[in-house]
K.L.:
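Have a look at this one.
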Amino acid sequence: MTTHHPAAVIVLAAGQGTRMKSSIPKVLHRIGGRSLVGHAMYAARQAGPRHLAVVVRHERDRVASHVAELDGDALVADQDEVPGTGRACECGLDALPADLTGTVLVTMGDVPLLSGETLLELTRVHEERGSAVTLLSAVVDDAGTYGRVVRDADGELAEIMEFKDARRRREEGDPDYAHVVDIREFNSGIYAFDVEVLRRALTQVGQANEQGEKYLTDVIRIAREEGRTVVAHPLADLMQTEGVNDKVQLAALGKELNRRVVTRHMRDGVIVVDPDTTWIDADVTIGQDTVIRPGSQLLGATTVGAEATVGPDTTLTDCEVGDGASVVRTQAEHAVVGPRAAVGPFSYLRPGTVLGEGGKIGGFVETKNADIGPGAKVPHLTYCGDATIGEGANIGAGTIFANYDGVAKHHTTVGRHSFVGSDSVLVAPVVIGDGAYVAAGSTIEGRVDPGQIAVARSRQRNVDGWVARRRAGTPTAAAAQAAGADGIPPQDRDDTHPEQSAQES
Ligand code: UD1
Ligand code: MG
């Protein structure tokens, strides 16, 4: 079977979308990590057309720059003040080469679940039947305000009648149209046209209808009157024809899209523990036998390798997670987690975090612009910003990389297999060499060379009898007295309490 590709796709995206009640143009609202028009353009590209045109008008500049950003080869066509889908289509045609022949598909910028496969099927049916117009239809119990598919006595497509026009004719008592409002088959608004028929017919379409618009659907009646074949091709998968008109539909289609994406990953071998609480954007890739635990969101351009674990309750945006890595209860953005590395629980990875193979970022650690080498560990309660940490290094609990002096950011380097003691502050710029130590509680301001230990804290000083003098009468003083506080160090006393020696071990 040969695959039929359309010569062009025109995406209609000039409408206003009043019911969204939003300052964001309707087609720029997002589900599954892409804008609505982004989904339409993606499906269009999947069909492999030579040309792709997007028709814009409402919030023209915002939509046009978004379209250009998504696809530099897409043509932006401006609709003029003449309203209606027919006029929109005419303006789209004007952006295409004048000598174009073959099949042109027309889709809508607010119908996000339509797939590239469906567009290829539409093209195939259209071309195999030698049709002038083929539209995708669907059958429902109540076709609402959709255009009705009117068929003739032989069951062939006769015309599309808009709901408002059908209702008016019924109110006027026109017997030929009394039943049209009750027709359950509706026009999805997605079509394949022979481009020459479309061009010619559109010049004949007027605006004499309830809405005073130039209807694209009139092309069907005109083509049929010319004796051309017109076809309504029913699509079983209703959701692919659903448009977004308000924020309720936006959420509903977002949920359905997610269900489809999650199902696709499970069929491809990903283990999703709870599909209902797992959100995966359309462009995410995940390897086999990776486990996604409940409450996780994999967003944007995130890629996860095989046999990894993500979640529970983890949000990854534009992240790369290697094979066998584990990311637990974590928020991460523009971060790379190497193979077999471990992150979490309760970690916050900000942009520019790169964790090497087998490395660890542990609980209550925040990282930003930090390159943490293979096998290196930042296990507990640390802020690590603007840092390069060498292979196998260990950053003690509570270490702070003080990267900001109030004006500028500065860098810290920790060498290979070096050890930074707990509760240290590294006041950048700092360079700690390979194989060096920083004593716990140090404040480091400069360099530590390979093989050195830096101790940057004051020595401990014990003052005998201080509690008795300065806190007399308190429970603390009583406890000290009961413990025999008299200024003699405990190790030099023969009545050492057993629990004191236990604490030292
Ligand atoms: C249209 C169809 C109707 C079909 C329905 C499916 C016509 C006359 N009717 O109705 O048969 O059942 O879609 O959803 O075509 N647009 C423009 N420029 C315009 C008007 C619309 O680009 O001047 C775009 C919109 O942005 C939208 C699409 O065309 O993406 C459909 O427009 P809409 O106004 O929703 O069409 P309907 O009247 O609902
Ligand atoms: Mg509509």
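What you are looking at is a predicted structure, and each value in this text was computed from that prediction instead of being measured. Every number for a ligand or one of its atoms is a count from 1 in the order of the listing.
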K.L.:
Pairs under 3.5 angstrom only: tabulate donor-acceptor contacts from the side chains of residues 293-304 to other protein residues two or more places apart or in another chain.
P.N.:
from : atom 1 : to   : atom 2 : distance (Å)
S296 : OG     : R293 : O      : 3.0
S296 : OG     : T314 : N      : 3.4
T302 : OG1    : L299 : O      : 2.6
T302 : OG1    : L316 : O      : 3.3
T302 : OG1    : D318 : N      : 3.0
T302 : OG1    : C319 : N      : 3.1

K.L.:
Test your reading of the structure: does M108 have an N or O sitting under 3.5 Å from an N or O of ligand 1?
P.N.:
no

K.L.:
Is it true that E185 and R151 have a side-chain N and a carboxylate O under 4.0 angstrom from each other?
P.N.:
yes

K.L.:
Under 4.0 Å between a side-chain nitrogen and a carboxylate oxygen: does that hold for D182 and R170?
P.N.:
yes

K.L.:
I want to know if ligand 1 touches F186 in the polar sense, i.e. an N/O pair below 3.5 angstrom.
P.N.:
no

K.L.:
Does an N or O from G84, backbone or side chain, lie closer than 3.5 Å to an N or O of ligand 1?
P.N.:
yes

K.L.:
Do the side chains of K409 and D386 get close enough for a salt bridge, i.e. N-O under 4.0 angstrom?
P.N.:
no

K.L.:
Is a side-chain donor-acceptor pair under 3.5 Å present for H4 with T103?
P.N.:
no

K.L.:
Please classify the A88 to ligand 1 contact at 4.0 Å (heavy-atom distances, strictly less than): side chain, backbone, both or neither.
P.N.:
side chain

K.L.:
Is ligand 1 less than 4.0 angstrom away from at least one heavy atom of G243?
P.N.:
no

K.L.:
Have a look at V291 and tell me which of V270, V273, V272 forms a side-chain contact (heavy atoms from CB on, under 4.5 Å) with it.
P.N.:
V273

K.L.:
With atoms numbered from 1 as shown, which atoms in ligand 1 lie under 4.0 angstrom from a non-hydrogen atom of Q79?
P.N.:
17 (C), 18 (N), 19 (C), 22 (O), 23 (O)

K.L.:
Quick check on contacts: which atoms of ligand 1 are under 4.0 angstrom from a heavy atom of A13?
P.N.:
22 (O), 26 (O)

K.L.:
In ligand 1, which numbered atoms sit nearer than 4.0 Å to a non-hydrogen atom of D110?
P.N.:
27 (C), 30 (O)

K.L.:
Between G147 and ligand 1, is there a nitrogen or oxygen pair with a distance under 3.5 Å?
P.N.:
yes

K.L.:
Using a strict 4.0 Å threshold on nitrogen-to-oxygen distance, state whether R169 and E172 make a salt bridge.
P.N.:
no

K.L.:
Report yes if some N/O of T217 lies less than 3.5 Å from some N/O of ligand 1; otherwise report no.
P.N.:
no

K.L.:
Would you kindly say whether H126 and T134 are connected by a side-chain donor-acceptor distance under 3.5 Å?
P.N.:
yes

K.L.:
Among Q211, M161, E162, which residue places a heavy atom closest to atom 10 (O) of ligand 1?
P.N.:
E162

K.L.:
Looking only at distances, can you tell me whether any N or O atom of T85, backbone or side chain, sits closer than 3.5 Å to an N or O atom of ligand 1?
P.N.:
yes

K.L.:
Are any of the side-chain heavy atoms of L253 and M239 separated by less than 4.5 Å?
P.N.:
yes

K.L.:
Can you tell which part of E213 has a heavy atom less than 4.0 Å from ligand 1: side chain, backbone, both or neither?
P.N.:
neither

